[in-house]
**Student:** 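So that we are looking at the same thing, I have put the structure below in structure tokens.
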2 protein chains.
Amino acid sequence: MGKLFRCVTGLMALSWAGVGVAAAELTDTQTIAATVRDRAMSGQSVAWSLLSELTTDIGPRPAGSAAERAAAEWAATKLRGFGFANVSLQSFPMVAWQRGAERLELLGQRGPQLLAATALGGSPPTPAPGLEAEIVAFPSLQALQAAPPGSLTGKIALVTRKLVVTQDGTGYLAALGARSAGPTEAASRGAIAFLMRSLGTDGHRFPHTGSTRYSGETGPIPAFALGAPDADQIERRMRSGEKVKVRLFSSASFTKNAQSQNVVAEIPGKQHPQEVVLIGAHLDCWDLGTGAIDDGSGVAIVTAAAQLILEQPRRPKRTIRIVLFGSEEVTQPHNAPLGDKVYARAHAGEMPSHVLTGESDFGAGWIYSVSLPRGLADTPFAATLRELLIPIGTDISKWDAEHTGTDVKPLVDLGVPSFKLNHDGSLYFNYHHTADDTLDKIEPATLSQNVAAWAAVVWLAADTDVNFRESARP
Amino acid sequence: MGKLFRCVTGLMALSWAGVGVAAAELTDTQTIAATVRDRAMSGQSVAWSLLSELTTDIGPRPAGSAAERAAAEWAATKLRGFGFANVSLQSFPMVAWQRGAERLELLGQRGPQLLAATALGGSPPTPAPGLEAEIVAFPSLQALQAAPPGSLTGKIALVTRKLVVTQDGTGYLAALGARSAGPTEAASRGAIAFLMRSLGTDGHRFPHTGSTRYSGETGPIPAFALGAPDADQIERRMRSGEKVKVRLFSSASFTKNAQSQNVVAEIPGKQHPQEVVLIGAHLDCWDLGTGAIDDGSGVAIVTAAAQLILEQPRRPKRTIRIVLFGSEEVTQPHNAPLGDKVYARAHAGEMPSHVLTGESDFGAGWIYSVSLPRGLADTPFAATLRELLIPIGTDISKWDAEHTGTDVKPLVDLGVPSFKLNHDGSLYFNYHHTADDTLDKIEPATLSQNVAAWAAVVWLAADTDVNFRESARP
């Protein structure tokens, strides 16, 4: 499936050259939309070079790190170089988490076996000699939640739930509770540590990290994700009736006075500069990989799409604002504000004039549809958009935009209408939050299609008078 | 391709039940060959349970380790339990290599990046503070060999050669020189360490280890294999003109008085017990994974094939001897004898009555052909064998058996005729010598086909009067 799909998309992109609109000097809305689409589709965007630089020269850039700062400075330099206006860094304080040395051993009569496992973001360290205890396994978070108080005293809880492959990522959202709530649920029943089968769809020994949230009265306990074959190994041992024990070590630590930042840049609108179409992505990524799919590709896609618009002979009516958010991947004690809320608070007064927002944070799979604000799917705006997108394999979704991205959620909560470009995410959770999230996992031709769709949608939204708030009214 | 192939093989195996020969009570040669084939094909062999126990309960079992010893004792217990005769352990001394902590960092203006890399087997440790130097890259071993003496003084050599995917493993054999000879070639030109792109066909961040040989006058230097994306990362950095530096650390160590062992077991022949058909596999595996494809599957296949023969109502004419070799994966200073040579020396007097030998050491991909000793392909023996194997998707190869396995090579060098069952190895080097070589990479239906082919071939070879030495004469 995956391979066939990639072949088809590759052919579509290859055959695109030459189909472009010849009349690039025309400046009406639809002609410019087609122009930016076609330039992207034929590979004439900066997306690949941006993604390659970000993942190669900077590499891993966890929230609050010096590398995340370097990425922000790199992005600001790039944006200024392209000619964007009002490029600035929006800094904020945070508590940063750093992975330390870590080790998980499966114990047994025939000596310990080292398992592939990694601490979840925010997991406290273990005591220096490590922790050693018996595992109690649960098929799901719900089963763990059904365990009586005190039933896990001195034990290590393991949730073995498998992630279901879905095109739209709903398989992940359905299983996410185990990672976010599992450690607290286990701790409140007496567990001294928490393990989970990784939230991944691959069968490789790459554990998938990700942030967890500690709440409640019990203190935080160390929490690890296991590679799929490693979770299998434990389950096979348990099936033979054996009491399975593991030894766990982590020297993770926290930096209280860390700093993170958003990067903001604009194409000022010609007619209604106060009206803002905000497009986002996040600059931070997990420390294990180089963050190509999550979310280097998002950074590359939105920047390259806007850069193509910037090259056009005239400006759009409305302002296009890029925000490259900091610290998307992590949570903070007491929900202290990170990039998403820092932006929303700093621009609270402008919210009524934020006309539309969307984020690219689901990799670089083929974009098969665009979700629009409620009520817009059957309008002339949507019809125009469909005509532009069908030639690149993208339709208007029958579903309204809902979960549009973590970073723009505070804006959506404040009433800003949102759109979403829906990537095929069937392969996304093979790599998500693992060491294997690297540049080679991105298909250049598909990345070009992503930029083409974004450029067309963003241009059209910024060069229209349509009031997306009106359309969204029930 | 891979997925389609697996679908087809799965269907073949599933549809097999019920096609079996009804007259299981018949005891002529071909009927028994068909019986063991059909029982294996319908999943009624011990292969999967053996492989699951070996990889789950024992797990990693590097040469000379306590785990390798535990595997040998487990195997001997299993073989006795099945009813094999003359089960014994053949112990020998060796120098064992142990991986320590290891770390490779790509240095640069924006801070170090941790790369996925692992020491080659036999690599000496680095000095305690590690080594730090500039990389000089070569596209191949040949290019490294062309570098002038002294040209690498104080540098780290990197060979970037990619492995070519081939069905028969020749892609690996063609590239193997970089790993075996590369470190010595680099050292003799002044290099302080050696790096190589892993000998792998995957695109994951799993470095592939494997043994290297140090020779010549220069002392051994630390040698590491890089994950494919990590080699890409270095190459991208170099392409931008940057002088690329890395920092390398390994605390690998050696145990001088280690011990390894072969496990030997027999089905004594009824008419010519002195005539031996020797079938082998190796019990040790690299420390990173649990050795499912290399070579737990070989152990499971040859043992399960022989066990099916043992269940039959009569014995074969000739003796079938299983040898599960120790320490296949490593080399020794001054070529001190390991499992292969220890067996050949201990049984030197019996060599003339070793009528045929073969080893299973290329994973558990579909067996598509059988290579026979020279001159045998057009004989009635081959015709009978072809008739038995074509129904399970295996033909007689037009190529004579050549490289039949490391462990039986000393026997072949002493004139013992050899055969080889040719697995589809297209996927083998995705996992070979990595942490990802685990049980889940084995397809149960394909493993059943492997056992079916082995059982039929071994039974037929042991129940014939054909003199394979005669056929092999030029």
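Owing to the predicted nature of the structure, the values given are computational and were not obtained by experimental measurement. A note on names: the letters A, B, ... follow the listed sequences, proteins ahead of strands, and every chain is numbered from 1.
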**Student:** Minimum heavy-atom separation for B/Q233 to A/T55, with atom names?
**Tutor:**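 It is NE2-O, 2.9 Å.
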**Student:** In terms of heavy-atom proximity below 4.5 Å to chain A, should B/R110 be classed as side chain, backbone, both, or neither?
**Tutor:**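 B/R110 touches chain A through side-chain heavy atoms alone.
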**Student:** Sort out for me which of A/G111, A/S52, A/A435 touches chain B most, counting heavy-atom pairs under 4.5 Å.
**Tutor:**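 Of the candidates given, the most pairs with chain B belong to A/A435.
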**Student:** Non-hydrogen atoms of chain A under 4.5 Å away: do they reach the side chain of B/D287, the backbone, both or neither?
**Tutor:**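 No part of it gets close to chain A.
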**Student:** For B/L106, is it the side chain, the backbone, both, or neither that has a heavy atom closer than 4.5 Å to a heavy atom of chain A?
**Tutor:**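 Contact with chain A is absent: no heavy atom of B/L106 under 4.5 Å.
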**Student:** For B/D436, is it the side chain, the backbone, both or neither that has a heavy atom under 4.5 Å from a heavy atom of chain A?
**Tutor:**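 Contact with chain A involves both backbone and side-chain atoms of B/D436.
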**Student:** State, to 0.1 Å, how close B/D440 and A/G203 come at their nearest heavy-atom pair, and which atoms those are.
**Tutor:**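 Smallest interatomic distance, heavy atoms only, reads OD2-O, 3.1 Å.
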**Student:** Near B/R103 CZ, under 6.0 Å, is it more than 12 heavy atoms from other residues, nucleotides or ligands?
**Tutor:**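 No - once you tally the heavy atoms of other residues, nucleotides and ligands closer than 6.0 Å, there are 12 at most.
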**Student:** For the residue pair B/F206 and A/R205, what are the closest heavy atoms and their distance?
**Tutor:**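 Looking at all heavy atoms of both residues, the shortest contact is CZ-N, 3.5 Å.
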**Student:** In terms of heavy-atom pairs under 4.5 Å with chain B, which of A/A71, A/P229, A/A101 leads?
**Tutor:**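 Heavy-atom pair counts peak at A/P229.
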**Student:** To the nearest 0.5 Å, how far apart are CZ in A/R237 and CG in B/D57?
**Tutor:**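 Going from CZ on A/R237 over to CG on B/D57, the span is 5.5 Å.
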**Student:** Among B/L439, B/D232, B/I234, which residue has the highest count of heavy-atom pairs closer than 4.5 Å to chain A?
**Tutor:**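 Going by pairs under 4.5 Å, I would pick B/L439.
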**Student:** To check you understand the geometry: which heavy-atom pair defines the closest contact between B/T56 and A/Q113, and what is its length?
**Tutor:**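 Closest approach of B/T56 to A/Q113: O-NE2, 3.0 Å.
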**Student:** Side chain from CB out, backbone as N, CA, C, O: work out which of these in B/T438 comes under 4.5 Å of a heavy atom of chain A, or both, or neither.
**Tutor:**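 Contact with chain A: side chain only.
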